[in-house]
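Owing to the predicted nature of the structure, the values given are computational and were not obtained by experimental measurement. Just so you know, residue 1 is the first one in the sequence shown, and it goes up from there.
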Amino acid sequence: MRLKDKIAIIVGAGQSPGEGLGNGRATALRFVQEGAKVLAVDRDLASAEETASLAGKEGGECIAFEADVTKERTLAAAIKAAQDRWGKVDILHNNVGVSIAGGDASPLEITEEAFDRVCAINLRGTVMACKHVLPLMRAQRSGVIINISSIAAVCSVGMLAYKTSKAGVNALTHSLALGNARYGIRVNAIMPGLMNTPMAIETISQVRGVEREQLVRERDAQVPLAGGMGSA
């Protein structure tokens with residue numbers, strides 16, 4: 001119950017179709033297990049509702065909300081919905097990120113459209129969510145923002161837009177942490193390595209035309225720790 005009486009907004013709380021558990025959904029379930037009330041935000045409302053249903057089975061309060069991170073007004077509406085329902089927002093967890101699914105490619109192949117789309121989802125969406133939650137947290141003199149970045153921000157991964165956008169998330173996190181500490185607000189980034197989630201495995205498998213099992217073996221082999229990829 002480390003999050004007892006805390007109000008959390010998780011952006012990207014649904015997940016892609018496929019085997020296993022996605023990071024956003026896993027976070028929502030863990031937060032309610034720890035006592036938080038959660039607004040599960042996703043562009044796929046049905047997926048967010050599934051997350052909320054699973055959270056309800058854990059005995060927690062979790063409400064689904066539809067929002068698209070490329071549309072600022074929907075993020076503003078999500079934060080307002082949490083404020084209206086519970087009277088405060090203690091935690092904003094930004095769990096968004098696309099790469100191949102957004103058309104990412106190498107520096108020699110990337111298109112304007114793909115680069116703009118990946119950055120709009122991965123970076124601009126995080127900026128806009130923070131923009132609308134910070135006034136509430138400043139007024140409260142407390143709050144936590146958690147941005148999901150990626151180890152790709154500091155590694156060579158071959159594809160340009162994802163790496164660049166996640167490096168931007170790290171820079172954004174530094175800026176917000178330093179600029180809001182005096183209000184009692186903490187801002188941190190998590191940089192996961194290779195993860196065995198539906199979004200990662202199913203998307204790459206389809207794009208590359210590789211069998212799921214083979215892809216899992218390839219990704220596990222890239223992880224120095226015994227046991228291979230992480231799980232949500």
Side-chain angles (χ1 to χ4, degrees), residues 3 6-14 22-28 30-31 36-43 48 51 62-99 102 115-154 161-192:
L3 298 180
K6 300 296 186 184
I7 306 303
I9 299 172
I10 300 176
V11 181
N23 293 331
R25 179 168 291 170
T27 301
R30 188 62 178 152
F31 277 21
K37 295 179 176 63
V38 173
L39 189 75
V41 178
D42 203 274
R43 66 182 179 87
T51 296
C62 182
I63 307 299
F65 193 94
E66 183 178 2
D68 181 340
V69 297
T70 65
K71 296 178 173 61
E72 179 185 357
R73 59 178 175 78
T74 69
L75 291 170
I79 290 158
K80 184 178 185 300
Q83 171 78 355
D84 289 347
R85 183 178 182 88
W86 292 299
K88 63 173 183 171
V89 177
D90 298 298
I91 303 162
L92 171 64
H93 183 92
N94 289 303
N95 177 73
V96 290
V98 296
S99 178
F115 187 84
D116 289 349
R117 174 168 173 73
V118 172
C119 287
I121 294 170
N122 297 7
L123 180 56
R124 194 184 74 200
T126 299
V127 170
M128 294 304 164
C130 292
K131 170 186 173 180
H132 288 281
V133 84
L134 279 170
L136 305 182
M137 291 182 171
R138 286 184 176 190
Q140 296 166 179
R141 308 293 297 185
S142 66
V144 172
I145 296 173
I146 305 164
N147 297 324
I148 300 300
S149 176
S150 169
I151 200 69
V154 295
Y162 184 77
K163 175 182 177 62
T164 303
S165 65
K166 289 301 185 178
V169 168
N170 288 358
L172 169 68
T173 301
H174 284 138
S175 177
L176 295 182
L178 291 171
N180 291 279
R182 65 182 179 274
Y183 298 104
I185 300 168
R186 293 185 292 109
V187 189
N188 287 279
I190 297 172
M191 296 198 297

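Screening V187, I185, I79 for a side chain to side chain contact (heavy atoms under 4.5 Å, CB included) with L134, the sole residue that qualifies is I185.
Screening residues 169-191 for ring pair (Phe, Tyr, Trp, His ring centres under 6.0 Å) gives no qualifying pairs among residues at least two apart or on separate chains.
Looking at R141, its side chain does come within 3.5 Å of a backbone N or O of R182 through a donor-acceptor pair. Formation of a donor-acceptor pair under 3.5 Å by the K163 side chain with backbone atoms of A152 is found in this model.
For the atom pair NE2 (H132) and OG1 (T74), the distance works out to 9.5 Å, reported to the nearest 0.5 Å. The CG atom of L176 lies 9.5 Å from the CG atom of L178; values are rounded to the nearest 0.5 Å. Atom-to-atom distance recorded for R117:CZ and C119:SG is 12.0 Å, nearest 0.5 angstrom. L75 contributes atom CG, which lies 8.0 Å from atom CG of D68 (distance to the nearest 0.5 angstrom).
Of all heavy-atom pairs spanning G24 and I10, the tightest one is O-CG2, 4.1 Å. For the residue pair V98 and Y162, the shortest heavy atom distance occurs at O-CD1, 3.2 Å. Between R25 and T51 the shortest heavy-atom distance is NE-OG1, 2.7 Å. A pairwise comparison of heavy atoms in A120 and R124 identifies O-CB, 3.5 Å as the closest pair. Taking each heavy atom of V118 and S99 in turn, the nearest pair found is CG2-O, 4.1 Å. Minimum heavy-atom separation, Q140 to K88: OE1-CB, 3.3 Å.
Between the side chains of N147 and T126, no donor N or O sits under 3.5 Å from an acceptor N or O. Side chain to side chain, N170 and S149 meet the donor-acceptor criterion of an N or O pair below 3.5 Å.
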> Should N95 and T27 be marked as a side-chain contact (heavy atoms from CB on, under 4.5 Å) after you check the CA-CA gap, both sets of side-chain angles, and the distance that decides it?
Replying inline: CA-CA 9 Å; N95 177 73; T27 301; 5.5 Å; no
> Passes side-chain contact (heavy atoms from CB on, under 4.5 Å), K131 versus E72? Steps please.
Replying inline: CA-CA 10 Å; K131 170 186 173 180; E72 179 185 357; 2.7 Å; yes
>> One pair to check against side-chain contact (heavy atoms from CB on, under 4.5 Å): M137 and N180. What are the steps and the verdict?
In response: CA-CA 9 Å; M137 291 182 171; N180 291 279; over 6 Å; no
>> Go through it in stages, so that I can follow the logic: the residues are L92 and I9, the test is side-chain contact (heavy atoms from CB on, under 4.5 Å), and I'd like the CA-CA distance, side-chain angles, deciding distance and then a yes or no.
In response: CA-CA 5 Å; L92 171 64; I9 299 172; 4.1 Å; yes
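The side-chain heavy atoms of N23 and I148, taken from C-beta on, include no pair separated by under 4.5 Å. Side-chain contact check for D90 versus V144: every heavy-atom pair is 4.5 Å or farther apart. Residues M191 and K166 are not in side-chain contact: their nearest non-hydrogen atoms beyond the backbone lie 4.5 Å or more apart.
The environment of CZ in R43 is sparse: at most 12 heavy-atom neighbours from other residues, nucleotides or ligands sit within 6.0 Å. Heavy atoms from other residues, nucleotides or ligands lying under 6.0 Å from NZ of K6 number 12 at most.
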